[in-house]
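Computed from a predicted structure; not experimentally measured. Residue numbers begin at 1 in each chain, while the letters A, B, ... track the order of the sequences.
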2 protein chains.
Amino acid sequence: MKEQLLYAASDVSADMLYFSGVLIPDPFLAFSYQGRRIGVLSMLEINRARKSSALDGILSLEALRQEAKEVFGSSEVMAIVRLLKKRYAIEAFEVGYDFPAGLYAAVSQVMPAPAIAMGGLFKERAIKTPEALVAIKQANVAAAAGIHAAKECLRAARIAVDGTLELSGRTVTSEFVRSRIAQACLEHGAVAQNTIVACGDAACDPHERGSGPLYAHKFIIIDVFPRMESSGYYGDMSRTVIKGSPSSEQERLYQTVYSAQKMAIAALRAGAIPQKLQESVNDYFIENQYFTQKEAAPEGFIHSLGHGLGLALHESPSVSLSNQQPMLENNVVTIEPGLYYPGLGAVRIEDVLCVTAQEALLLSECPYDAVL
Amino acid sequence: MKEQLLYAASDVSADMLYFSGVLIPDPFLAFSYQGRRIGVLSMLEINRARKSSALDGILSLEALRQEAKEVFGSSEVMAIVRLLKKRYAIEAFEVGYDFPAGLYAAVSQVMPAPAIAMGGLFKERAIKTPEALVAIKQANVAAAAGIHAAKECLRAARIAVDGTLELSGRTVTSEFVRSRIAQACLEHGAVAQNTIVACGDAACDPHERGSGPLYAHKFIIIDVFPRMESSGYYGDMSRTVIKGSPSSEQERLYQTVYSAQKMAIAALRAGAIPQKLQESVNDYFIENQYFTQKEAAPEGFIHSLGHGLGLALHESPSVSLSNQQPMLENNVVTIEPGLYYPGLGAVRIEDVLCVTAQEALLLSECPYDAVL
């Protein structure tokens, strides 16, 4: 029987946070033993972990170091793993894809190489518990507050003669709006990093964060993915807006993406095949004369329809052409079709949904008003 | 000749950010080839990376996937690594300790196992460039602004009869002060996560973030480590304060830690041995009757004197008993002695320094006034 072995900081590793339930800034060891979760913590962390963590057992790093030194002549992490294997009579370890290769190679010298858990060490992370659903919803409340703050700021701005936006005598920039969003998220207990506020052609690069002045009469994509400080769960929402008057071409682009999103959400339920969901959206765009090409200068619908969301921003299941596994109850995914045409601009609309047997429940609430 | 191989998201991997110079949210491949830095980027990132990155060459992930499929019948990352090895006639790869074990194991099936670069893939990261020094200083300006905001908030508060603090009719909590700090950092372009605002015995756990009401006449440790959104560099500063009147015992504790920090900073220069620096501080504390014990209920000076700081919050060189390597010019480290005594409370004072041949230059500036 294989036992799971982890070595990571739970501040950055979603698997480690899931397993240990406590935010620790430096890498530490943890392992499963007959269904129990055991952590190896230094004296800097041990009290904190005893007070609040998901661990069933906590061992002292310093004591294990000492013992490993006596038994194997080394106090390195590898020697501690060796000691644990011996003490608990563990036949073999299983590690995640992201387990550090340095430690993997070192332990493989003194025991059979750990198995790599393909498809993730904790596949059950994709099936959200009620607590996870609440936490993701909270994170989306923060995201919606961020988007609301951005809209308020754009609404209050006036259009200058050169098409830039002015608020209290200052030019409104991506950076300024991003900072307003971060502040609003903070007030809801969440940290928003790398928020996208991208205008015009800049938004045609889906991951471009945007910089400099925002302009009237052009699409502005606002994509906010805050992380709750308390739980580590993420939210993720996008809205696209225009300050000023959209052209009929812009209106049609917006409506097409909006309808595609509603269509995909309506089709999302347990048993739905992600590949088919994306194919339907692809087809819908083509029917509406919005074509995609992915060569030299990509344009159209150039990314996945969505992705799993939880303790990681991007996790299983993906909602893309490459995923043919049926959606399961309590999967949480984003649905975020987008169309990108340099010259015309870009529209992306993104919400977070929980899959049930009958339908998909919105875990994010935020108006779709696009013209400010 | 070995070439370096990386597979990570530069948003979270300091090595990848150092190598690529562009913030990318999902894992991607990058490798060195005859001194050049080459990245493999998807169509979602390629334009952004072309505009601003440290990469000398950028390959299309989609094109390589296609070719790997044709040549090896697989479009997985492992097959792409195999393709690159062949195309560039690379003899062997070298990877960092944190390289994903899943990919390490997969490529080891089709080529000699990559070497693990012990002591880090980019040892030169410990020698800061002028740009890095500027960025770290900026991050510490944000940290100082955060600490200033916290102090202002405590200064303005009044002491209630039960010893809690009140501001505008609300009890001042760790959470509230933390949010003020985050806001101030944000205004300086930095994201402060997991900030410590811990009062009384809570602060005796060095990594305890603190929660609930803050109290008068007790030490409050404020530890802020913001990351610049633009560069990814970290700052890191701690101050300890008291709202109200310190006892003579508290005053002596504070002064001893303060003097120890100044002493360690005065001894910090190129050639100084970290082990000796920490030993001197240990001795100084003992001379002053502040004893340390690390067993069941640790107290005294229970952590390292400092750590390297840069694109990672904790990096080489450590300033601890286990490091006997002389400090080098342009190392950047924290110096943060602390004393922790449940009952009496805890004091930690932390600054960031750049090592030069003659002395250590402060990269953080913030007053040491402790009584508010």
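Heavy-atom distances place both the backbone and the side chain of His207(B) under 4.5 Å from chain A. Heavy atoms of Glu208(A) lying under 4.5 Å from chain B belong to its backbone as well as its side chain. When heavy atoms are compared at a cutoff of 4.5 Å, Ile46(A) does not approach chain B at all. Proximity to chain B is limited to the side chain of Pro25(A), based on heavy atoms less than 4.5 angstrom apart. Contact annotation for Tyr97(A): both backbone and side-chain heavy atoms come within less than 4.5 Å of a heavy atom of chain B. With a 4.5 angstrom heavy-atom cutoff, Tyr7(A) touches chain B only via side-chain atoms.
Residue Asn194(B) holds its CG atom at 6.0 Å from CG of Leu23(A), rounded to the nearest 0.5 Å. The CG atom of Leu44(A) sits 7.5 Å away from atom OG of Ser304(B), with the distance rounded to the nearest 0.5 Å. Atom CD of residue Gln293(B) and atom CE of residue Met43(A) lie 9.5 Å apart, to the nearest 0.5 angstrom.
Side-chain contact between Gln193(B) and Gln193(A) is present, with heavy atoms from C-beta onward closer than 4.5 Å. Asp205(A) has its side chain within reach of Lys51(B): a pair of non-hydrogen atoms, C-beta onward, lies under 4.5 Å apart.
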Using the rule given for side-chain contact (heavy atoms from CB on, under 4.5 Å), can you reason through Glu175(B) versus Glu229(A), listing the C-alpha separation, both sets of side-chain angles and the distance that settles it, and then say yes or no?
CA-CA 11 Å; Glu175(B) 291 82 352; Glu229(A) 279 222 282; over 6 Å; no
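When each of Val95(A), Leu103(A), Val12(A) is checked for heavy-atom pairs under 4.5 Å with chain B, Leu103(A) comes out on top. Your options are Glu187(A), Lys294(A), Glu62(A), and the one with the most heavy-atom pairs under 4.5 Å with chain B is Lys294(A).
The two residues Leu186(B) and Ala182(A) come nearest to each other via the heavy atoms CD2-CB, 3.4 Å. Here the closest non-hydrogen pair linking Asp98(B) and Pro100(A) is OD1-CB, 3.9 Å.
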